[in-house]
Amino acid sequence: NAQLAVPFKERYKVNVKGDMTIIANSVLNRIDKKNSTNMPFNDKTFETLSNDEMDMEYIDIDTDKETFSSSSAALFLKNEESKKIIYAGLYWSATYKYESGYKKGEDKFVAFDKTREFFDEVLVKFPTQKKYKSIKGEIIFDGIKDKNLKEVAPYTVYADITPYVNELENPFGFYTVANIKATQGTLIGGSAAGWTIIFVYEDLSMTEKYISSYDGFAGASSERVDINFKNFETQPEGDVIVKLACSALEGDFNVDGDLLMFSSSTNTSLSNIKTGTRKYSNFFDSSITIEDENFQYRIPDSKNTLGYDALITTLRNPNNSKIGNNAKDARISFKSSGDVFYMFFCALNIEIKPSKVVFEDKKFKLVDKTTNKEIIQEPSPQTIAENAFKPKVDETETSLKPEVKTVSKSKDKSAKPNTTSVPSTTDIVANTNSKPKEKEVVKTSPEVKVVTSSGTINSEKSENLSAQSKQKQKPDDTKLV
């Protein structure tokens, strides 16, 4: 049966002129006589072994004595000067029954070190920063307490890191996440670990999007798990463009049977999703991908992560066959007939009918630009706008325009990094003189964030630091069928 340990709930939602993206990396890798864990693992042949057949140990790319695991990934976008980060959500997940174990005989796995410590706090080094910040998260699920999953003991933690990203003068570059705990050695089913950050950004030159992210925890099996996205409306004509992002644990490269599916109000039939690198029949295949390519701006940049999946992709929707015009809901589903994997994060991005905020009849309204009809959302535009700023009110109609933050940079406008953006070699060569980090604990809130207009009534100003490039709505929309 599908092990829906924690039903998926909406974490964040916004209508914004802009887009979403992700960065991610794994923190466990194979170790052998020829390769350290910091060397990328790229074996994707039919003969490659799985993570339960290898000795798995922490990746640790930095030189800090206080970190036992660390890996990096970079955020780079085109035309970065026109983009403003409005949300950044960090997830980390791993299988963690005990500190380390080994295989005894054919099928018996035993603990070498039975220690199991707290795992809800990690270290994050933001772009341009030399020191880590300590981030304390909200535990979404801990498998050690679940009778069906305690032998593998997977966990997932979430933290809202938006305030810390907004403090940066330049949020683009390498992010390093350290001290994610996982089982080393061997474990029944395999040991895997990694992290994912979802970014939502505003860009007034782009079309308006509905962006919603969900999190929970489910072990996939032959019974389907559905995640329902509601309260939007696609454009009345033209191509409907949809992006989806998700992360999962323990999808194996050479074990088929795991499926990701999509349906909508205009086509209720489930369609299997595939990309240029992910097959219909083995969607979660131990890889980190952006659209149809392996995400290369990572350290290390393994093509086979040995059990950690993260992706963002544009849905193939020829002639609006999967989701059409004026659609008002969509569903992402997953199941498996072979490979066991654990889904914990999913987000949807849909191009929608354009809207605007106006002041009319002595109150703020969110209005459909094509019909001039009011769009009712909670909380109301009136409440949010009054909390955001005091507008100048015309007796008829006052349009509200957002403040756009421009970051001046010498970086090329393409999505490719320059060499100064990459963590310096001192971060990869051992340094016995490194000093302890100054830690700052961030407590996060499990509340759903809701922003109701195209970024026009959420104009929080950021405080700047110096730069240098380095890397409910309804309470439960999940249905188990």
Side-chain angles (χ1 to χ4, degrees), residues 1-9 24-29 50-52 54 56-59 69 71 90-101 109 111 113-122 137-159 177 179-196 214-221 223 225 227 246-253 255 257-258 260 283-288 305-310 334-336 338-346 478 480:
N1 295 326
Q3 297 161 338
L4 184 58
V6 178
F8 281 78
K9 296 180 181 179
N25 212 346
S26 56
V27 294
L28 283 179
N29 200 358
S50 299
N51 55 2
D52 58 347
M54 295 184 178
M56 302 290 289
E57 293 191 12
Y58 288 126
I59 297 166
S69 71
S71 63
L90 168 66
Y91 293 88
W92 63 96
S93 185
T95 50
Y96 187 41
K97 184 179 181 182
Y98 36 68
E99 186 61 35
S100 62
F109 294 83
D113 181 352
K114 294 183 179 180
T115 303
R116 192 177 195 264
E117 299 178 340
F118 292 110
F119 51 79
D120 61 344
E121 188 172 341
V122 297
E138 168 200 346
I139 298 174
I140 295 174
F141 177 71
D142 182 6
I144 202 72
K145 303 173 183 178
D146 189 300
K147 64 179 182 180
N148 295 315
L149 296 173
K150 64 181 181 180
E151 293 303 313
V152 183
Y155 73 80
T156 295
V157 183
Y158 164 81
V177 181
N179 287 4
I180 295 176
K181 293 182 174 66
T183 293
Q184 297 186 90
T186 56
L187 180 69
I188 186 170
S191 193
W195 56 271
T196 300
Y214 279 64
D215 54 44
F217 198 91
S221 72
E223 292 189 34
V225 176
I227 304 172
C246 54
S247 282
L249 196 65
E250 267 303 313
D252 290 318
F253 170 73
V255 182
D258 41 295
L260 189 69
F283 192 83
F284 296 99
D285 62 355
S286 290
S287 66
I288 297 174
T305 63
L306 293 168
Y308 191 80
D309 274 277
F334 58 94
K335 68 177 183 178
S336 179
D339 194 10
V340 175
F341 66 93
Y342 308 105
M343 185 93 148
F344 59 86
F345 157 74
C346 186
T478 307
L480 182 61

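In this text, all values refer to a predicted model and were calculated from it rather than measured experimentally. Positions are given from 1 along the sequence.
The heavy-atom pair separating Thr183 from Ser100 by the smallest distance is CG2-CA, 4.3 Å. A pairwise comparison of heavy atoms in Asn25 and Ser71 identifies CB-OG, 3.6 Å as the closest pair. Taking both residues in full, the closest heavy atoms of Leu187 and Glu151 are given as CD1-O, 3.8 Å, listed atom of the first, atom of the second, then distance. Across all non-hydrogen atoms, the minimal contact from Ser286 to Gly307 is OG-N, 2.8 Å. Heavy-atom minimum distance, Cys246 versus Phe284: SG-CE2, 4.0 Å.
Rounding to the nearest 0.5 Å gives a distance of 5.0 Å between CG of Leu260 and CZ of Phe283. To the nearest 0.5 Å, atom CD1 of residue Ile144 and atom CZ of residue Phe119 are 9.0 Å apart. One distance of note links CH2 of Trp92 with CD1 of Ile140; it measures 9.5 Å at 0.5 Å rounding. For the atom pair CG (Asn29) and CD (Glu57), the distance works out to 10.0 Å, reported to the nearest 0.5 Å. A distance of 4.5 Å separates CG of Leu306 from CE of Met56, quoted to the nearest 0.5 Å. Going from atom CD1 of Ile227 over to atom OH of Tyr214 covers 8.5 Å, rounded to the nearest 0.5 Å.
Side-chain contact between Lys335 and Glu223 is absent, with no heavy atoms from C-beta onward closer than 4.5 Å. Residues Leu149 and Phe217 have side chains in contact (heavy-atom distance under 4.5 Å, counting atoms from C-beta outward). The side-chain heavy atoms of Val225 and Met343, taken from C-beta on, include no pair separated by under 4.5 Å. No side-chain heavy atom of Ser93 sits under 4.5 Å from any side-chain heavy atom of Phe141. A heavy-atom distance below 4.5 Å is not found between the side chains of Tyr155 and Ile139. By the 4.5 Å heavy-atom criterion applied to side chains, Thr305 and Ile288 are counted as neighbours.
By the salt bridge (Lys or Arg N to Asp or Glu O under 4.0 Å) test, Asp142 is found to be paired with Arg116, residues two or more places apart in sequence or in another chain being considered. Listed by chain and residue number, nothing satisfies the ring-ring contact (aromatic ring centres under 6.0 Å, His included) test with Tyr98 (two or more places apart in sequence, or in another chain). When the ring-ring contact (aromatic ring centres under 6.0 Å, His included) test is applied to Phe344, no partner is found at least two apart in sequence or on another chain. For Asp113, there are no salt bridge (Lys or Arg N to Asp or Glu O under 4.0 Å) partners two or more places apart in sequence or in a different chain. For Thr196, the side chain to side chain donor-acceptor pair (under 3.5 Å) partners two or more places apart in sequence, or in a different chain, are Ser247, Tyr308. Scanning for side chain to side chain donor-acceptor pair (under 3.5 Å) contacts around Lys181 gives an empty result, with sequence neighbours left out. The side chain to side chain donor-acceptor pair (under 3.5 Å) search around Thr95 returns Ser191, not counting sequence neighbours. Applying the side chain to side chain donor-acceptor pair (under 3.5 Å) test to Asp215 and every residue at least two apart in sequence or in another chain returns Arg11, Tyr91.
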message: Run the side-chain contact (heavy atoms from CB on, under 4.5 Å) test on Ile59 and Ser26 for me, step by step, so that the C-alpha distance in whole Å, both residues' side-chain angles and the decisive distance to 0.1 Å come before the verdict.
response: CA-CA 8 Å; Ile59 297 166; Ser26 56; 3.9 Å; yes
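Between Phe341 and Phe334, the two ring planes are tilted [angle within 30° to 60°].
Looking at Ser69, its side chain does come within 3.5 Å of a backbone N or O of Ile180 through a donor-acceptor pair.
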